[in-house]
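Here's the structure we're looking at; comments come further down.
Atoms considered below: every heavy atom in the structure, side chains included; atoms not considered: hydrogens, waters and symmetry mates. By convention in this document, chain letters (A, B, ...) are assigned in the order of the sequence lines, proteins followed by strands, and residues within each chain are numbered from 1.
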2 protein chains.
Amino acid sequence: MNKRQKQKQKTREKIVSCAKELFIQKGFLHTTTSEIAAAAGIAHGTLFLHFPAKESLILEIMDTVLEQIQAALQPVIAHAGNLDEIIRCYLDLIEQHEAIFSTKAREMPFYGDELRRKLLFRDAIIRGHFHTLFQQGIDDGIYRQVDIQTALTFFFGAIHYYLSLKQIFVVDGSVIGKFKDQIISTFNALITIPKTEES
Amino acid sequence: MNKRQKQKQKTREKIVSCAKELFIQKGFLHTTTSEIAAAAGIAHGTLFLHFPAKESLILEIMDTVLEQIQAALQPVIAHAGNLDEIIRCYLDLIEQHEAIFSTKAREMPFYGDELRRKLLFRDAIIRGHFHTLFQQGIDDGIYRQVDIQTALTFFFGAIHYYLSLKQIFVVDGSVIGKFKDQIISTFNALITIPKTEES
DNA sequence: TTACTCGGTGACTGCGTGCTCAGTTAATGG
DNA sequence: CCATTAACTGAGCACGCAGTCACCGAGTAA
């Protein structure tokens, strides 16, 4: 690879990494191509030599970022004994990368069909693991016999709600961090078969 | 009321009804003031004689709907209905105005601070009624002693989730209509103290 | 050294937006 | 009948945006 090709690749990588950071922080919809160019230290026009349109940038970035993040959950899921454990890990992961998950929750309805489908597919995989462990808990007589799909929608719906309206719950810091314990304990309380209610 | 006042009111109503229709179809963010004016058959400038800014339009529209809902819920609360009753009533009303609520769920994070605050305030009032009846149910020994705030976030979060991603759940028709029964029965099952789990 | 290639530049264009304001028209009231 | 008022008009403004293109200059190959 000669000097020119090397430089070109370097520029492209710089664009991707800067765009990624900006998308996570400000969201895709409110990041301008000029901002990306400025952050990458290149001219506005250069951006369009590497990517035909702004849309093609997010296609490349959003999915791969979430893929990497969610892949980190995989090994944990594999030897997760129970639902409680996986919930904790999942929420820790979201808290850790809260900016991008918040952006995703807010903006997903406005993404193109292709990207939205990809993102929802990733979610569905994780949800599937939750489902399995939930079913296991029911079979083991720990959890109540409820409609798992709907019960999980209560859970994921609440997370989605906190993330998409994050700005009203916290000024700085993490929403999930703030409500994590309540979410976990309340969800657990609701789905667990009580020994005795009066105590 | 003289001819002038009558005409003015008529124009105002025309603006509101056309704006509402467009907000439902295209969303508030993607409806332009020019479109509204064109649909209402008035000049672009006329719109700003009746409303100081675009945001005040959606505020009035959402206010009207939310007030209707609050009014419809009032009798249920008045004659000491239970949570189950108010949930049913609430979901029926949401289903009735689903298009506008779906738009609101999707777009709220992007509204200006003031508008969002006002809309959330209306939501909070309705949520307050739920809280009261939930507490009553706990006191009566019908519901389990759980964190009411968080439990309600599971409920409203799920509704929010269905509404904001409506497009992936149904092509035409109502999401709430589709999932209403499941939502109600599962939420009830979760919060109610079970007589005996094995049956 | 020279002719050519090609990544990079940034002023510019075209478009869409919310909102304004000088001017028009018609109802009002003395 | 006419001066006043108030609803209405629509061209135009200021702004922000994604995307373009004529030009530049360093790298390349002969």
Side-chain angles (χ1 to χ4, degrees), chain A residues 1-23 25-62 103 107 110-112 114-115, chain B residues 1-23 25-62 103 107-108 110-116 118:
Chain A
M1 195 186 288
N2 67 25
K3 213 169 179 180
R4 268 198 190 143
Q5 291 171 306
K6 221 173 238 171
Q7 180 54 39
K8 188 178 181 182
Q9 193 188 330
K10 213 172 138 190
T11 303
R12 190 194 162 90
E13 280 164 12
K14 183 81 182 160
I15 291 172
V16 169
S17 73
C18 289
K20 190 195 290 183
E21 196 50 43
L22 283 167
F23 287 165
Q25 297 306 327
K26 314 187 46 180
F28 170 71
L29 299 173
H30 297 104
T31 300
T32 66
T33 48
S34 310
E35 281 176 310
I36 297 169
I42 57 164
H44 189 194
T46 306
L47 204 153
F48 295 94
L49 289 179
H50 294 268
F51 297 91
K54 189 189 172 193
E55 178 79 20
S56 57
L57 250 172
I58 195 171
L59 256 172
E60 168 152 342
I61 291 172
M62 217 46 175
T103 296
E107 297 190 344
F110 303 103
Y111 291 160
E114 189 190 343
L115 179 58
Chain B
M1 195 186 287
N2 66 26
K3 213 168 178 181
R4 268 196 191 145
Q5 291 171 306
K6 219 173 243 172
Q7 180 54 39
K8 188 177 180 182
Q9 194 187 331
K10 216 173 135 188
T11 303
R12 191 191 163 89
E13 281 163 10
K14 185 80 183 159
I15 291 173
V16 169
S17 72
C18 289
K20 185 174 178 183
E21 192 51 42
L22 284 168
F23 289 165
Q25 280 173 16
K26 316 185 46 179
F28 171 69
L29 298 173
H30 299 106
T31 299
T32 66
T33 47
S34 312
E35 280 176 309
I36 297 169
I42 57 164
H44 190 189
T46 306
L47 203 153
F48 294 93
L49 290 179
H50 294 268
F51 298 90
K54 191 189 170 192
E55 286 218 331
S56 57
L57 246 174
I58 196 158
L59 184 61
E60 167 147 343
I61 290 170
M62 285 306 308
T103 297
E107 298 189 343
M108 181 125 77
F110 303 106
Y111 291 163
D113 270 357
E114 194 194 337
L115 175 58
R116 189 172 53 246
K118 284 179 178 167

Short N/O separations, protein against nucleotides 26-30 of chain C, under 3.5 angstrom:
unit_1, atom_1, unit_2, atom_2, d
dA27(C), N3, R4(B), NH2, 2.5
dT28(C), OP1, K3(B), N, 2.9

| task | Tell me whether the OP1 or OP2 atom of dG8(C) has a side-chain N or O from T11(A) closer than 4.0 Å. | result | yes

| salt bridge (Lys or Arg N to Asp or Glu O under 4.0 Å): pairs with one or both residues in residues 38-47 of chain A, sequence neighbours excluded | none

| Straight-line distance of T31(A) OG1 to K20(A) NZ, nearest 0.5 Å | 14.5 Å

| remark: Applied to residues 45-62 of chain B, the side-chain hydrogen bond (donor to acceptor under 3.5 Å, both in side chains) test, sequence neighbours excluded, yields R12(B)-E60(B)

| note | Sorted by number, residues from residues 46-62 of chain A placing a heavy atom under 4.0 Å from DNA chain D are F48(A), A53(A), K54(A)

| note | Separation between CZ (F110(A)) and CZ (F28(A)), nearest 0.5 Å, reads 13.0 Å

| query | A43(B) has a side chain; which of dT9(C), dG10(D), dA18(D) sits nearest to it? | reply | dG10(D)

| For R12(B) and dA6(D), what is the distance between atoms CZ and P respectively, to the nearest whole Å? | 18 Å

| message | Quick check for you: to the nearest 0.5 Å, what is the distance between I58(B) atom CD1 and M108(B) atom CE? | response | 10.5 Å

| message | Tell me the interatomic distance from K6(A), atom NZ, to dT28(D), atom C1', rounded to whole angstroms. | response | 15 Å

| task | Measure the CG-CZ distance between L57(A) and F48(A) for me, rounded to the nearest 0.5 Å. | result | 8.5 Å

| field | Atom pair distance, as rounded to whole Å: NZ in K8(A) and C1' in dT5(C) | value | 12 Å

| task | For Q7(B) and dT9(D), give me the distance from atom CD to atom C1', rounded to whole Å. | result | 14 Å

| request: Check whether the side chains of Q9(B) and Q5(B) place a donor and an acceptor atom closer than 3.5 Å, and report yes or no. | output: no

| task | Sequence neighbours left out, what pairs pass salt bridge (Lys or Arg N to Asp or Glu O under 4.0 Å) with at least one residue falling in residues 30-50 of chain B? | result | K26(B)-E35(B)

| field | Selection from dC8(D), dG18(C), dA18(D) that lies nearest to any side-chain heavy atom of H44(B) | value | dG18(C)

| query | Between dC17(D) atom P and L29(A) atom CG, what is the distance in whole Å? | reply | 13 Å

| said: For residues 1-11 of chain A, which residue pairs pass the salt bridge (Lys or Arg N to Asp or Glu O under 4.0 Å) check, not counting sequence neighbours? | reply: none

